[in-house]
Protein chains: 2
Amino acid sequence: MPAPNVIPLNLTSLKAACSQCNLRELCLPYGLTEDEVAQLDNLVGARRKLKRGQHLYRAGDPFEALYAIKIGFFKTDILLEDGRDQVTGFQMAGEILGMDGIGTEVHTCNSIALEDSEICVIPFPQLEHLSREIRALQHHFHKVMSREIVRDHGVMMLLGTMRAEERLAAFLLNLSQRFTARGYSPQEFHLRMTREEIGSYLGLKLETVSRAFSRFQEEGLISVHQKHIRILDNAGLKKLLSHQPG
Amino acid sequence: MPAPNVIPLNLTSLKAACSQCNLRELCLPYGLTEDEVAQLDNLVGARRKLKRGQHLYRAGDPFEALYAIKIGFFKTDILLEDGRDQVTGFQMAGEILGMDGIGTEVHTCNSIALEDSEICVIPFPQLEHLSREIRALQHHFHKVMSREIVRDHGVMMLLGTMRAEERLAAFLLNLSQRFTARGYSPQEFHLRMTREEIGSYLGLKLETVSRAFSRFQEEGLISVHQKHIRILDNAGLKKLLSHQPG
DNA sequence: GGTGCACGTTGACCCAGATCAAACGGCCTG
DNA sequence: CAGGCCGTTTGATCTGGGTCAACGTGCACC
C-alpha cells in the first residue's frame, strides 16, 4: 500500500461524539444529563476503524483504554499455551470492551472484529477521573461491569448444566434479544461468527452446533441458510430451555 | 431459643475496623494511606456473623451493600426455575461478595456460608461516595471487579475446554494458591464444600469428582481423607493442566 | 466465469462422563 | 452405645456429544 496507514480525513468527523450518537441509551452515556454527556465527549478519544479479522487488542497488551463499539461485531477469546482456546463472548454495538484489563493492567484476552467495525476509544485514567466528578457516570460504569459479571455467570450456568440443544437455543434467544434492543428484527438476523466460534463459546464442537441447527430446522423452530437465521417458533425455543434434561 | 437473636455485645468490637484488620492487603483497603483507611473505617458498617448454612443474601434480594469476608468461607450459586443449579464461586477471607447485584439493583445469585463466618458490611452508596473522593479506593475497586470478570473467564475456559481431571486439578491448585496468599499451607487444607458442590462448580457429577480424587490418590498426586486434602505432587497436578486432551 | 478454499453438513463409530445402584463410614442424636 | 443419615466411594451400564471421515456449497479471487 503506497499511502500511509493514517489517512488524512476531516478530524472532527473522526472524533467521537457521544452527544450525537444513537447508541447513547445503550452505552456509557446512559442516564447522563446533556451537560454531562458533553464532558464525556471531551474525554472520548478518536474513533478507530477495524477491518474484519483485525485485533482490537491482544492478550498481553498493556491496558490503557476501554472501547465502546459504535458499529460492528466482535468476539473475545482466550488462548492457552497448549493451543486450546475459548471464545468468551460476542459483543455488538453499544457494548464496552476491555474491562478484562483493568485488574492486571494488561489485557487477558483477545478482541477481534468479526466484521468491519468502528469503536470509540475511552482512555481509562480519564474515565476514572470523570467518574469521580459525575456520580451518574460512575454508577453507570459500575453497573456495566456488574452486568458483565452476571452475564459470565449465565455462561457458566449454560456450560455447566445445559445440554447441547439448550445451549444453542439460549444462544439464539440471547442474540435475538440483543438485536431487538438495537432496533433490528428479533426473528431474523445474520450470524457474524462461524459454527466453530459458536461451538467454542458454547463448549461444543462445530459438528454438534451444525447438527443442532439442522434439528431445530427439522422441528420447525428456526430456518437456517448459511449464516442467515430466522426464528419461527420463539416459544418453542424458550420451552427447550426450561425443560429438565431427560 | 429463648434469647433474642441480637445478643448485646460491646458495640465497638462489632464495628469493623479496616485499619486493624490483617486482611488489609487482600481486601478493599489495599494501597490506601493510613488516612484513607481511616475514612474507609467510617464507611464500613457493622460486622455480621453467619452460621454454617446461613444465607448472606438470596437471588432477588434488593442490592444495598457489598460484603467483605473477614472470617469464613462462602459459596455463591444460581438456581433456575426448573430446579437446576450451579455453584458460581467459592469465596474466602478478604474477598468481596455482592457485586452481582450492582447492575440490576437486585442480587442475582445466592450467597451461603459454608462454615461459621463473619463479614463486614460495605453500604454501596457510601462506597461510591468515598471512591469519588479517594482515587486509590476507586481504582482498587475497579480492579476487584475486573478480576472477578477475569476469574469468570477462567471458569468458562475450564467448563468449555477441560476434561474432568484437568478441571479438578485446576480447582485444587487454585484453592492451594489462595490459601497460600492467606498464610495457610499450600500443601494441606480442608475442603469446606461437599463433592456435590465441587461438581456443580466444575460442571461434573459428584461421582466423577469422587473418582477423580481417587485416581489422583492412586497416582500419588494427592492424599485425600474426607475433606482433608494434602497435595503431594504439585508439579504433577500442573502437568495435567498443560497437556492436550488425547 | 471458472476454480480453490474455507465453511458447513451429514454419517458412522467411540468414549468420557452420566446414570443407576449398592455399600460404606463418620457423625450426630436419642 | 445403637441407630440413622448424610456424604462418599465404587461398580456396572448407558448415552450425548466427540471424533474421524467424506462430501457439499457458496463466495472470493484470479
Side-chain angles (χ1 to χ4, degrees), chain A residues 51-53 75 83-87 112 114-116 158-172 190-219 222-229 240 243-246, chain B residues 51-53 75 83-87 112 114-115 158-171 190-219 222-229 240 243-246:
Chain A
K51 288 260 155 225
R52 186 158 108 84
K75 71 168 178 183
R84 281 186 285 199
D85 67 341
Q86 167 102 2
V87 171
I112 299 146
L114 293 181
E115 61 183 26
D116 293 357
L158 179 147
L159 292 171
T161 72
M162 292 189 185
R163 326 258 260 65
E165 295 192 357
E166 297 177 300
R167 295 184 199 188
L168 191 64
F171 175 69
L172 291 174
H190 181 84
L191 296 174
R192 273 70 172 185
M193 68 297 279
T194 65
R195 302 290 190 262
E196 185 166 21
E197 286 163 335
I198 297 171
S200 172
Y201 181 60
L202 299 178
L204 301 170
K205 294 292 156 180
L206 68 97
E207 293 96 327
T208 305
V209 173
S210 179
R211 278 186 246 269
F213 270 132
S214 300
R215 181 89 77 95
F216 285 176
Q217 184 154 249
E218 279 165 34
E219 289 168 355
I222 63 174
S223 83
V224 198
H225 295 105
Q226 301 291 117
K227 294 191 152 119
H228 184 92
I229 301 286
L240 265 182
H243 270 310
Q244 201 61 310
Chain B
K51 288 261 156 223
R52 187 157 107 86
K75 70 167 178 183
R84 281 186 286 197
D85 68 340
Q86 167 103 3
V87 171
I112 299 145
L114 293 180
E115 61 183 27
L158 179 147
L159 292 170
T161 73
M162 291 188 185
R163 326 258 264 61
E165 294 191 0
E166 296 177 299
R167 295 184 197 187
L168 191 64
F171 175 69
H190 181 85
L191 296 173
R192 272 72 172 184
M193 69 297 279
T194 66
R195 301 289 189 263
E196 185 165 20
E197 286 163 334
I198 297 171
S200 173
Y201 181 60
L202 299 178
L204 302 170
K205 294 291 156 180
L206 69 96
E207 294 95 327
T208 306
V209 173
S210 178
R211 277 185 245 270
F213 271 134
S214 301
R215 182 89 77 95
F216 285 176
Q217 184 154 250
E218 279 165 33
E219 289 169 354
I222 64 174
S223 83
V224 198
H225 295 105
Q226 300 292 118
K227 295 195 151 113
H228 185 91
I229 301 284
L240 265 183
H243 270 310
Q244 201 60 311

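Keep in mind that what you see is a predicted model, and the values were worked out from it rather than measured.
Straight-line distance from the NZ atom of B:Lys205 to the P atom of D:dT9: 17 Å, rounded to whole Å. One atom, CG of B:Leu202, and another, P of C:dG17, lie 12 Å apart when rounded to the nearest Å. Taking atom CZ of residue A:Arg84 and atom P of nucleotide D:dG18, one finds them 14 Å apart after rounding to whole Å. Here D:dG17 presents its P atom at 11 Å from CG of A:Leu168, a figure rounded to the nearest Å. Summarising the geometry, the separation between CZ on A:Arg215 and P on C:dG11 is reported as 12 Å, rounded to the nearest angstrom. In this structure, CZ of A:Phe213 is placed 8 Å from P of C:dT9, rounded to the nearest angstrom. Taking atom CD on B:Glu218 and atom P on D:dT9, their separation rounds to 12 Å, with Å as the unit. Summarising the geometry, the separation between NE2 on A:His225 and P on C:dT9 is reported as 11 Å, rounded to the nearest angstrom.
Closest approach to the A:Arg163 side chain among D:dG18, D:dT10, D:dG16 is made by D:dG16 (side chain taken as heavy atoms from C-beta onward).
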Polar atom pairs between nucleotides 11-15 of chain D and protein, under 3.5 Å, N or O only, would you list them?
{"from": "D:dG11", "atom 1": "N7", "to": "B:Arg211", "atom 2": "NH1", "distance (Å)": "2.9"}
{"from": "D:dG11", "atom 1": "O6", "to": "B:Arg211", "atom 2": "NH2", "distance (Å)": "3.1"}
{"from": "D:dA12", "atom 1": "N6", "to": "B:Arg211", "atom 2": "NH2", "distance (Å)": "3.3"}

Collect all protein-nucleotide pairs involving nucleotides 3-8 of chain D in which both atoms are nitrogen or oxygen and the distance is under 3.5 Å.
{"from": "D:dT8", "atom 1": "OP2", "to": "B:Arg195", "atom 2": "N", "distance (Å)": "2.7"}

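B:Arg192 meets the side chain to side chain donor-acceptor pair (under 3.5 Å) test with B:Glu115; sequence neighbours excluded. Checked against salt bridge (Lys or Arg N to Asp or Glu O under 4.0 Å), A:Asp116 has the following partners two or more places apart in sequence or in another chain: A:Lys51.
Applying the 4.0 Å criterion to OP1 and OP2 of D:dT10, one finds that B:Ser214 has a side-chain N or O inside that range.
B:Arg195 and B:Leu191 make their closest contact through NH1-CD1, 3.9 Å (heavy atoms, listed as atom of the first residue, atom of the second, distance). Here the shortest heavy-atom pairing between A:Arg167 and A:Gly203 reads NH1-O, 3.4 Å. For A:Ala169 against A:Leu240, the heavy-atom pair with the smallest separation is CB-CD1, 4.0 Å. B:Thr161 approaches A:Asp85 most closely through the heavy-atom pair CG2-O, 3.7 Å. Residue B:Leu158 comes nearest to B:Ala170 through the heavy atom pair CD1-CB, 3.9 Å, listed as atom of the first residue, atom of the second, then distance.
No engagement by A:Gly199 is indicated, since no non-hydrogen atom pair under 4.0 Å with the nucleic acid exists.
Looking only at side-chain heavy atoms (C-beta outward), B:Glu197 and B:Leu114 come within less than 4.5 Å of each other.
The overall bend of the helix from C:dG1-D:dC30 to C:dG30-D:dC1, read as the angle between its terminal helix axes built from five base pairs each, is 50° when rounded to 10 degrees.
Rounding to the nearest 0.5 Å gives a distance of 6.0 Å between CD of A:Glu219 and CD of A:Glu165.
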Side-chain donor-acceptor pairs of residues 205-216 of chain B under 3.5 Å, sequence neighbours excluded:
{"from": "B:Ser214", "atom 1": "OG", "to": "B:Ser210", "atom 2": "O", "distance (Å)": "3.1"}

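The number of heavy atoms from other shown groups lying within 6.0 Å of CD (A:Gln217) is above 12.
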